[in-house]
Chemist: 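Can you read through this structure? Questions will come right after.
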Amino acid sequence: MSVAENIAREAGQDFIRDIVRADLASGQHKTVVTRFPPEPNGYLHIGHAKSICLNFGIAEEFDGHCNLRYDDTNPTKEDQEYIDAIERDVRWLGFDWGSHLYHASDYFEQLYAWAEELIRAGEAYIDDQSQEQMRATRGTLTEPGTNSPFRERSVEENLDLFRRMRAGEFPNGARVLRAKIDMTSGNINLRDPVLYRILHAEHPRTGKAWCIYPSYDFAHGQSDAIERITHSLCTLEFEDHRPLYNWLLDNLPVPSHPHQYEFARLNLTHTILSKRVLTELVRGGHVSGWDDPRMPTLAGLRRRGVPPAAIREFVKRIGVAKANSVVDAAMLDFAIREHLNKIAQRRMAVLRPLKVVIENYPEGKSEDLEAVNHPDDAAAGTRHIRFGREFYVERDDFMENPPKKFFRLSPGAEVRLRYAYFITCREVVKNGAGEVVELRCVYDPATKGGNAPDGRKVKATLHWVSARDSLPAEVRLYNPLFTRPDPDPGNFAAQVDPNALEVLADARVEPALAELKPGEAVQFERQGYFCLDPDSAAKRLVFNRTVGLRDTWAKVSVAKVAAGS
RNA sequence: UGGGGCGUAGCCAAGUGGUAAGGCAGCGGAUUUUGAUUCCGCCAUUCGGAGGUUCGAAUCCUCCCGCCCCAGCCA
């Protein structure tokens with residue numbers, strides 16, 4: 001097997017790659033050219049990641065190239081902010097369009113010329129009907145439409161009107177250019193679709209040069225043809241547009257005839273992948289912004305600490321097919337953990353501190369202990385952590401009246417402090433309200449490092465931080481934006497989980513964390529993977545939880561509560 | 001009810017006439033100074049349903065059922 005074949009096989013099998021492979025094998029195409037064509041009207045989300053990985057991935061695997069093309073045909077919805085964000089996010093995901101950056105707006109002049117040709121050929125006409133009239137004469141899903149009274153205008157009149165539309169003589173909505181196809185077609189896209197509309201709006205790139213703009217259908221296929229795209233990949237809802245896509249390419253003197261193929265868009269449980277909804281989430285203040293770590297946007301995932309490689313791996317695992325589906329968010333979590341487990345160094349941090357005093361540890365004494373940075377990677381080295389008489393453990397690691405199978409601290413129980421000593425809880429100190437505020441314990445000096453010379457075992461190892469040397473920090477925990485796995489896009493606001501963000505303001509972390517670099521992933525042992533949030537400052541560390549560790553105990557304890565034990 | 005698609009395990013998904021890959025989740029068990037990781041094992045006699053063709057059908061044919069998309073001068 002050749003290297004290229006190996007790579008292609010590695011890349012996985014899906015019906016689109018099968019088509020590409022077949023086209024290359026048959027000589028139908030010598031090279032493959034794809035494109036990722038976002039409209040700059042919002043931020044990219046993980047659904048786009050599927051498309052990006054598909055388009056750029058295929059180009060890479062088959063030694064072709066992929067264009068980044070902005071489908072910027074509707075200036076009323078587009079913005080430079082989105083253009084910048086899209087480039088940043090595609091790059092971050094790990095893809096490079098090289099010099100192949102294009103815009104549908106680059107082709108406005110050519111598109112206009114083709115529209116005139118269509119008019120000259122008698123294949124398009126100017127319709128003066130109002131939007132309401134057009135809707136009324138378009139027919140319904142089951143009834144055919146009827147021809148516009150303006151359908152038989154002369155070529156001369158159509159040309160004159162179209163030029164005057166361009167010249168700005170008419171207000172928005174006064175007239176449109178329509179293709180003359182078939183008002184009785186079962187496919188509504190073929191019932192004389194609108195090709196150009198009047199929009200007196202400033203375009204982020206062409207400014208005020210135009211007041212008429214091509215529709216998606218008139219721009220997309222021709223842009224593909226201009227760029228000599230070989231495989232134009234889009235989502236299922238465009239299947240009905242393919243006949244129109246082909247009609248236009250067949251009726252215009254385009255330089256190439258690309259083919260459109262459709263695949264199912266990504267859906268994920270516990271979130272909504274719709275630009276409309278995400279935009280409303282931001283504008284309605286339900287989240288802090290497009291990069292809120294609860295958002296499924298690439299910017300949000302990045303801020304949460306999700307590595308781009310994990311997203312690419314996730315996309316690879318979910319495959320590409322035509323069946324509508326909803327992928328379990330647990331699959332994304334798995335891909336994130338899998339990657340982070342390999343690269344993240346381990347540190348100790350106590351999210352909800354509970355003070356512990358070792359009564360038989362000399363007052364004022366302290367010692368340095370060695371801790372490994374990564375259990376499976378000796379090259380990651382070690383660091384020193386300071387142990388003393390007083391430190392903090394996780395509140396959840398202590399229970400005064402533990403249920404069966406609770407291995408952690410409780411009165412009389414002995415546990416290991418990671419890298420330090422075995423300790424036994426002797427006394428529980430409570431405040432006036434009856435809340436546990438401190439634990440008085442004793443340690444076994446012979447267990448230094450965490451092993452007992454007499455071979456006795458302990459069932460739990462706890463993480464901890466020194467009371468004197470640890471640093472205060474804020475830790476932000478993120479849960480799914482929606483509690484229910486299948487939130488309703490029509491009623492999303494009411495379904496946003498108010499507890500999706502949980503802020504722990506009094507966490508304590510080991511001093512080494514002060515050196516963590518922005519964007520660097522770290523594992524807080526026994527808790528999960530974290531990263532520094534941009535809100536973090538030298539005096540005030542702020543961490544985001546990217547994803548928690550698998551937690552078998554949490555499942556067991558929840559089951560116990562449910563069972564009433 | 002017109003047109004276009006899609007139904008393989010709880011979820012994603014291979015499979016294209018030769019006797020149901022893989023992953024996630026789940027469940028057991030081993031190892032473990034993270035209840036993590038790792039490792040091992042289990043998890044569809046059946047492919048939306050019913051007929052038919054065939055030595056042989058998830059794959060071919062017929063009918064039926066279910067789900068998704070389309071009636072923007074959005075993309």
Side-chain angles (χ1 to χ4, degrees), chain A residues 12-14 18 37-39 41 71 73-74 76-77 127 129-131 134-136 138-145 172-178 184-191 193-199 212-213 215-217 219-220 234-243 262 264 266 269 275-276 314 316-335 337-338 341-342 346 348 371-372 375-376 405-408 416-420 422 449-451 458-463 485 523-528 548-557:
Chain A
Q13 299 290 111
D14 58 65
D18 286 347
E39 182 189 14
N41 66 344
D71 230 334
T73 57
N74 187 349
T76 66
K77 295 194 173 174
D127 197 338
Q129 290 186 108
S130 67
Q131 212 164 152
M134 277 186 56
R135 190 178 310 132
R138 185 155 31 228
T140 68
L141 293 180
T142 53
E143 297 156 338
N172 288 357
R175 297 177 223 266
V176 291
L177 177 71
R178 288 232 256 176
T184 68
S185 174
N187 182 344
I188 292 174
N189 293 300
L190 263 20
R191 320 243 261 232
V194 170
L195 269 21
Y196 266 91
R197 74 286 213 193
I198 300 171
L199 246 31
I212 58 172
Y213 291 90
S215 62
Y216 161 83
D217 288 299
H220 204 97
C234 62
T235 43
L236 253 27
E237 64 269 30
F238 292 100
E239 280 179 316
D240 287 349
H241 291 248
R242 190 175 353 114
E262 310 86 12
L266 171 66
T269 59
K275 264 193 201 167
R276 196 208 100 228
F314 166 72
K316 189 167 161 185
R317 281 166 185 269
I318 58 173
V320 180
K322 296 194 74 159
N324 290 314
S325 61
V326 184
V327 175
D328 194 328
M331 276 227 221
L332 212 209
D333 288 347
F334 176 85
R337 285 193 198 103
E338 180 186 50
N341 176 46
K342 284 184 224 140
R346 316 283 126 123
M348 294 203 284
V372 303
D376 308 317
K405 301 280 233 7
F406 181 84
F407 305 145
R408 283 111 95 147
R416 170 166 44 229
L417 291 178
R418 178 138 235 225
Y419 303 120
F422 282 13
N451 285 303
V458 91
K459 297 197 86 173
T461 299
L462 271 40
H463 61 281
Q523 183 196 92
F524 288 176
E525 295 210 47
R526 303 209 304 134
Q527 313 263 13
L549 257 27
R550 278 189 66 214
D551 189 350
T552 312
W553 167 247
K555 270 185 260 182
V556 171
S557 54

Chemist: Quick one: label A:Val458 by what it contacts on the DNA or RNA (base, sugar-phosphate, nothing), any heavy atom closer than 4.0 Å.
Modeler: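 The residue A:Val458 makes no contact with any strand.
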Chemist: Tell me: CG of A:Asp551 to P of B:rU37, nearest whole Å?
Modeler: 10 Å
Chemist: Ignoring hydrogens and geometry beyond distance, is the side chain of A:Arg408 in donor-acceptor contact with the base of B:rG35 at under 3.5 Å?
Modeler: yes
Chemist: When you check the phosphate oxygens OP1 and OP2 of B:rA13, does a side-chain N or O of A:Ser325 lie under 4.0 Å from one of them?
Modeler: yes
Chemist: Please list, chain by chain and in numerical order, all residues satisfying side chain to side chain donor-acceptor pair (under 3.5 Å) with A:Lys322, sequence neighbours excluded.
Modeler: A:Glu239
Chemist: At under 4.0 Å between heavy atoms, what does A:Glu525 touch on the DNA or RNA strands: base, sugar-phosphate, or nothing?
Modeler: base
Chemist: Looking at residues at least two apart in the chain, or sitting in another chain, which of them share a side chain to side chain donor-acceptor pair (under 3.5 Å) with A:Arg197?
Modeler: none
Chemist: By the 4.0 Å heavy-atom rule, please label A:Phe422 as base, sugar-phosphate, or nothing.
Modeler: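 Nothing: the residue A:Phe422, judged by heavy atoms under 4.0 Å, touches no strand.
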Chemist: Calculate, to the nearest 0.5 Å, the distance between atoms CZ and OG belonging to A:Arg175 and A:Ser130 respectively.
Modeler: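 These two atoms lie 13.0 Å from each other.
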Chemist: Mind calculating the distance between NZ (A:Lys322) and C1' (B:rG15) to the nearest angstrom?
Modeler: 18 Å
Chemist: Please enumerate all protein N or O atoms sitting under 3.5 Å from an N or O of nucleotides 39-42 of chain B, with distances to 0.1 Å.
Modeler:
none

Chemist: Applying the Watson-Crick and G-U wobble criteria at under 3.5 Å, what pairs with B:rC63? Answer none if nothing qualifies.
Modeler: B:rG49
Chemist: Apply salt bridge (Lys or Arg N to Asp or Glu O under 4.0 Å) to A:Arg416 and list each qualifying residue two or more places apart in sequence or on a separate chain.
Modeler: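 Applying salt bridge (Lys or Arg N to Asp or Glu O under 4.0 Å) to A:Arg416 gives none.
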Chemist: Write down the partner of B:rG2 under the Watson-Crick or G-U wobble criteria, each distance required to be under 3.5 Å.
Modeler: B:rC70
Chemist: For a 4.5 angstrom cut-off between non-hydrogen side-chain atoms, does A:Arg418 reach A:Leu462?
Modeler: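 A:Arg418 does not reach A:Leu462 side chain to side chain.
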Chemist: Show me, pair by pair, the donor-acceptor contacts under 3.5 angstrom made by side chains of residues 324-331 of chain A, not counting sequence neighbours?
Modeler:
residue	atom	partner	partner atom	Å
A:Asp328	OD1	A:Ala330	N	2.9

Chemist: Tell me which nucleotide, if any, is Watson-Crick or G-U wobble paired with B:rC24 when both distances must be under 3.5 Å.
Modeler: B:rG10
Chemist: I need the CD-P distance between A:Gln523 and B:rU37, as an integer number of Å.
Modeler: 10 Å
Chemist: Can you tell me how far C1' of B:rU32 sits from CG of A:Leu462, to the nearest Å?
Modeler: 16 Å
Chemist: Report each atom pair, protein N/O against N/O of nucleotides 25-29 of chain B, whose distance is under 3.5 angstrom.
Modeler:
residue	atom	partner	partner atom	Å
B:rG26	OP1	A:Lys555	NZ	2.4

Chemist: Any base atoms under 4.0 Å from A:Pro375, or only sugar-phosphate, or nothing? Heavy atoms, all strands.
Modeler: base
Chemist: Which nucleotide, in any strand shown, forms a Watson-Crick or G-U wobble pair with B:rC39, with both distances under 3.5 Å?
Modeler: B:rG29
Chemist: Answer with yes or no after comparing the ring centroid distance for A:Trp553 and A:Phe406 against a 6.0 Å cut-off, counting only values under it.
Modeler: yes
Chemist: Return a single string for nucleotides 64-75 of chain B, one symbol per nucleotide in 5' to 3' order, where B is base contact, S is sugar-phosphate-only contact and - is none, cutoff 4.0 angstrom on heavy atoms.
Modeler: ----SBBBSBSB
Chemist: Who is the Watson-Crick or G-U wobble partner of B:rA44, with both distances under 3.5 Å?
Modeler: none
Chemist: Using the test ring-ring contact (aromatic ring centres under 6.0 Å, His included), find all partners of A:Phe314 that sit at least two apart in sequence or belong to another chain.
Modeler: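 A:Phe314: no ring-ring contact (aromatic ring centres under 6.0 Å, His included) contacts found.
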Chemist: Mind telling me if B:rG5 is syn or anti? Syn here is a glycosidic angle within 90° of 0.
Modeler: anti
Chemist: Applying ring-ring contact (aromatic ring centres under 6.0 Å, His included), can you list everything that pairs with A:His220, at least two apart in sequence or on another chain?
Modeler: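 Residues passing ring-ring contact (aromatic ring centres under 6.0 Å, His included) with A:His220: A:Tyr216.
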Chemist: Once side chain to side chain donor-acceptor pair (under 3.5 Å) is applied, do any residues pair with A:Lys275, and if so which ones, sequence neighbours excluded?
Modeler: A:Asn41
Chemist: A:Gln527: what forms a side chain to side chain donor-acceptor pair (under 3.5 Å) with it, not counting sequence neighbours?
Modeler: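 Per chain and number, A:Gln527 pairs via side chain to side chain donor-acceptor pair (under 3.5 Å) with A:Glu394, A:His463.
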Chemist: So does A:Arg317 get a side-chain nitrogen or oxygen closer than 4.0 Å to the phosphate oxygens (OP1/OP2) of B:rG22?
Modeler: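 A:Arg317 to B:rG22 OP1/OP2: no side-chain N or O under 4.0 Å.
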Chemist: Under the 3.5 Å rule, do the base of B:rU34 and the side chain of A:Gln527 count as making a donor-acceptor pair?
Modeler: no
Chemist: Would you indicate what A:Tyr419 reaches in the nucleic acid, counting non-hydrogen atoms under 4.0 angstrom: base, sugar-phosphate, or nothing?
Modeler: base
Chemist: Students often get this wrong, so: under 4.0 angstrom with heavy atoms, is A:Leu549 touching a base, only sugar-phosphate, or nothing?
Modeler: base
Chemist: Restricting to side chain to side chain contact (heavy atoms under 4.5 Å, CB included), what partner residues turn up for A:Ala174, sequence neighbours left out?
Modeler: A:Phe170, A:Pro171, A:Ile198
Chemist: On RNA chain B, check which nucleotide each of A:Leu332 and A:Gly450 is closest to and give me the residue with the more 5' one.
Modeler: A:Leu332
Chemist: Compute whether any side-chain donor of one residue and acceptor of the other, for A:Thr76 and A:Asn74, lie under 3.5 angstrom apart.
Modeler: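 Distance-only check passes for A:Thr76 and A:Asn74.
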